[in-house]
Amino acid sequence: MKIKEDIGSHYSKYFQIVNVNTKELKNIAYKLRYSVFHEEFGYRNLGNRLNNNMEIDEYDDYSLHSLLFHRPSNQAIGYIRLIPQTEKYRKPLPIKKYCGKNFNFNSTNLQVDGKNIGELSRMAIISSFRKRPFDSYDLDQENISQSKNIDGENKRFPINYLPMCLISAAIYFLFKENMEYGFAMIEPRFAILLRHFGVQFDQIGEPIECFGIRAPYVFYPENTYRNLIPEFHSLFDKISEDLNGQNVIENTAHLNAR
């Protein structure tokens with residue numbers, strides 16, 4: 001007998017997002033970043049090269065970090081951070097440092113120098129969970145409707161929702177820290193995928209070379225929560241429960257990011 005699950009239930013069974021708030025979890029996060037960005041993609045200029053097999057930079061000390069774990073294997077498989085720019089942390093966001101001159105706020109009436117804003121950064125998923133051979137980012141209504149359920153015997157959805165787990169974690173922290181909006185440099189194709197799911201944002205500049213071709217976007221947390229399609233609304237609520245509860249996956253002493 002086939003058992004159907006929604007995305008939120010499937011996530012809770014097989015995955016968990018945790019707030020990275022211990023030295024042990026931070027080391028796992030930095031090793032995962034090193035594995036993806038340095039070893040897999042060859043982005044050797046990211047972070048401090050002096051850290052052995054860990055990718056760390058000047059923003060990590062005060063950023064809000066999230067790790068995505070695969071429950072059956074107790075393996076860290078994904079990561080994202082939110083860099084704050086607030087009254088407490090006044091350092092300019094990296095997006096302004098590297099491409100602020102290319103911003104165009106004409107359609108948004110926003111300013112990067114506003115109070116309580118953040119930047120979604122360093123989103124990473126290990127290769128074995130990132131892109132399956134049959135995944136497609138060219139979603140039509142049929143693909144989206146198929147994501148409403150899963151064959152329990154297969155254990156995988158027709159689409160890979162793990163990137164939305166990480167985006168949801170960052171948006172959760174935008175809410176938690178009372179940030180009006182968040183910036184990100186992302187691939188335009190990925191932006192199309194997020195818009196299909198109901199994520200609300202504006203492009204505020206042309207695509208440029210930034211560890212691949214990426215464009216600057218501004219994300220709106222409140223509008224996103226209101227406009228998420230039902231399946232991903234359920235996912236967001238499950239991820240918020242994980243982060244609110246300060247849950248930590250079992251046996252973290254035996255985890256690694258490789």
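Nothing fancy with the numbering, it's 1 onward along the sequence.
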Short side-chain donor-acceptor distance under 3.5 Å, N53 and Y30 | no

Shared ILVMFWY cluster between I204 and I213, side chains joined below 4.5 angstrom?
-> no

If you look at every heavy atom in R33 and D57, which pair is closest and at what distance?
-> NH2-N, 4.0 Å

For residues Y181 and N223, is any side-chain donor paired with an opposing acceptor at under 3.5 Å?
-> no

Would you tell me whether H70 and Y14 have side-chain atoms, one donor and one acceptor, within less than 3.5 Å of each other?
-> no

Could you pull out all residues at least two apart from E177 that satisfy salt bridge (charged side-chain N to carboxylate O under 4.0 Å, His left out)?
-> none

Output all residues satisfying salt bridge (charged side-chain N to carboxylate O under 4.0 Å, His left out) with E119, sequence neighbours left out; order by chain, then residue number.
-> none

Specify whether H10 and Y161 have parallel, tilted or perpendicular ring planes, treating 30° as the upper limit for parallel and 60° as the lower limit for perpendicular.
-> perpendicular

Taking the six-membered ring of Y59, is NZ or CZ of R81 closer than 6.0 Å to its centre and within 45° of its axis?
-> no

Just checking, is any N or O donor in the side chain of D237 or S240 under 3.5 Å from an acceptor N or O on the other one?
-> no

Please list, chain by chain and in numerical order, all residues satisfying side-chain contact (heavy atoms from CB on, under 4.5 Å) with Y43, sequence neighbours excluded.
-> F37, F41, L46, F211

Backbone N/O of Q200 and side chain of T224: donor-acceptor pair under 3.5 Å | yes

